[in-house]
Amino acid sequence: MTADYETCPAIWGFLHNHKPSREFGRRKITIKMPTVVDREQIEKVVGELRCPEVMAQLDAAEVATLATLASVSKRQHGDDAGASDALQALLTSRSGELDADIALAAMTDYGRFREILGVFPEMTQSSAMIEAIIEAASEGSLAGWHHYVELNTLVVRDLNQARRVFPAVERLTGDFAPTVLVAATARGLGWTPWVKLFAILYDEVELAGEIRSAAPERRKSEAEDTFAMRRAAWDVILPDGPVREVARLILDLDGALSASGPDVRAVYVQRLRKAVDGDANLRRAAVEALLSRCPPRQHDLALFAATRLVEGNDEAFVMALIEHPDREVGYRADMVRHAVFDKSASEEAWPAPSVSTIARGLFNIGLNPIPSEYPQTWIGDRLVELLIEQTVAGEERKFAEQYSDHSEEGEEGLLRSFFSDLASRLRDLGDGLRATARATGAARNTSIDLKYRPVDKSEEGKPGVNPKGDAEPPDFSADLCLIVDPYLDGRSLGKRATLIQAKRLRRKDPTQPENGLASSFKLDAAQMTDLIRQTGSSFYLFQCSGLLDRGVPMVPTQLVEDLARHHAASAAQIPAQLVGPASRPFAEWLTYMVLGLRTGDPLAELVAKAEGGAGRSPRPLAKFGAVEIVLHVGEMKSKDG
């Protein structure tokens, strides 16, 4: 209790008997209604209420309880001795600090304390009353409110408050809350395109369809006042064809388009643009509706449509939406901002603004696709090829730049570190690929699951694959096995394996790092022979500081052997100056040879050997999207939409 016995003994005595309280951390307060009020007592209370010190210290529960005292006094004696005036002055002096809590007390508990509103007649027109409605709706304690609140006095004057109250009361149709709050919003904001659109979405769904009557049908148990509100809404909204068409398209997301794939996106946006018909306010309302009213299954379609509707002069509007009361809507608005208004630091980077840049990762690739370029692989999408190549190239450059600091970690350690970092970057790219397909409305989608398996030392030297049936089978020699499983339009093209042997450029003298790196890579001639005997799809991965702009040079095993034996009969080493010109950059090799299917051995025995067995399963290098198979190119499926 904040009332002090020394300062206000009459108030203290009354509150001591009625023990008002407030639930910890919530607005809800508990009041005990007085049954009998002594006239002399209320006069003393009124005298104390005029004391500035008392006005400053009473809390909401105490003021609400004193309001019940005033209301009972007026009912019993026909007069409250000025208590209502004193309490109104108290609230005015506290500048809205207590209003919402008191309004909530008046509305909840099935209106037991609704007489409080008679003490504060202006309260129903305040924003505090709307806050109380939001709170009561969230607590499930708004039942029956329309029987004791003067509904036609409610006013919503703030757009953000409307954004909060509509979702809060959406399901309270039995108490006609959506109808009342739509009318209250129109009373405060006017019948703007936003109010009309959200009035349809939250209450008057019938107006989005074909209308046979110019007036609404009366709903079950609907009173005259709410029916009059709906008639007024129909009078304004029914003639507004564009708003009604936009509402229909928004509702289609959870109706006609609830299970549709991305093939409808371009047509959907075209219809939205036609419905908006150049009305900037309606267009912005439509964008907000797309971000706030889309069902989970069609978030992608709604986000795509929002990015396409937003125009260059909408940046301030989108920035305001980022602060939307619904934080999820704010996140989606921020995605739109990134997609449409983010500027890249480089003029050569992916162009912005562009809906194709919907994923943050695309801004970091430094990619400048040339529209006239044709695809260079069976994947059939030059943009996807460039995305993969440039992403991998970034990791390749980083590996070469950092090589001097890690050259003595050993081939296997360097290899695993490189592929681990690459996996992380490709996972980021996966989001970008899917987002690009969504944002551009592409009818086809590419998803990748490239697996690799480092080979343990215990496996090396064991019998390998013997495709030629030689009497003496070759040893299994590989540091890494790559497995690619490509699918085109749902049909497998055949799983393929590629064996990789890693060789690093060592220091001239491990004890004297300042002497730099050697000029040749050490080789094992028997290892090369074994690789060649097992498959033509084997390569050497050379770890070094880069050669001729190849961060990680890749050379076919047969060519490595040819060059090594040309250099020396023992083939025990190969000069770096030979590796450079003979190699291809890792990014180019992976994109256009491995994923491009210009290498890779389909021999079942080799694939099984590469995949390993129990306890030695391949690791996923990158998973793009939700498709389990490795490389999919084909028509977009509805579940990927």
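The figures that follow rest on heavy atoms only: side chains count, while hydrogens, waters and symmetry mates do not.
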Next item on the list: Tell me, with the steps shown, if R284 and E288 meet salt bridge (charged side-chain N to carboxylate O under 4.0 Å, His left out).
Entry: CA-CA 6 Å; R284 290 166 184 164; E288 181 172 344; over 6 Å; no
Item checked: Residues in salt bridge (charged side-chain N to carboxylate O under 4.0 Å, His left out) contact with D175, at least two apart in sequence or another chain -> none
Give a yes or no on whether a salt bridge exists between [X] and [Y], defined as a side-chain N under 4.0 angstrom from a carboxylate O.
X	Y	answer
R219	D203	yes
E210	R248	yes
E131	R164	yes
R163	D158	no
E204	K196	no

Over 12 foreign heavy atoms within 6.0 Å of [atom1], [X]:
X	atom1	answer
E217	CD	no
R171	CZ	no
R187	CZ	yes

Note to self: Between T377 and R598, is there a side-chain heavy-atom distance shorter than 4.5 Å?
What the structure shows: yes
Item checked: Trace of the side-chain contact (heavy atoms from CB on, under 4.5 Å) decision for L117 with M129 -> CA-CA 10 Å; L117 296 177; M129 177 58 74; 3.6 Å; yes
Check: Ignoring hydrogens and geometry, is there a side-chain-to-backbone donor-acceptor pair from D279 to V276 under 3.5 Å?
Finding: no
Margin query: I'd like to know whether Y148 forms a side-chain contact (heavy atoms from CB on, under 4.5 Å) with W145, so could you lay out the CA-CA distance, the side-chain angles of the two residues, the decisive distance to 0.1 Å, and finally the verdict.
Written below: CA-CA 6 Å; Y148 50 81; W145 74 296; 3.9 Å; yes
Check: Can you name the residues that form a ring-ring contact (aromatic ring centres under 6.0 Å, His included) with F317, not counting sequence neighbours?
Finding: none
Next item on the list: Start with the C-alpha distance between I483 and K495, add both sets of side-chain angles, then the distance that settles side-chain contact (heavy atoms from CB on, under 4.5 Å), and finish with yes or no.
Entry: CA-CA 7 Å; I483 306 104; K495 189 178 290 188; 3.6 Å; yes
Item checked: side-chain contact (heavy atoms from CB on, under 4.5 Å) between V340 and V318, worked out -> CA-CA 10 Å; V340 181; V318 174; over 6 Å; no
Notebook entry, point to check: Aromatic rings Y202 and F198: how do their planes relate, parallel, tilted or perpendicular, breaks at 30° and 60°?
Noted result: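 Plane angle under 30°, so parallel.
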Next item on the list: Return the orientation label for the H146 and F176 ring planes: parallel under 30°, perpendicular over 60°, tilted otherwise.
Entry: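 If you compare the ring of H146 with that of F176, the planes turn out perpendicular.
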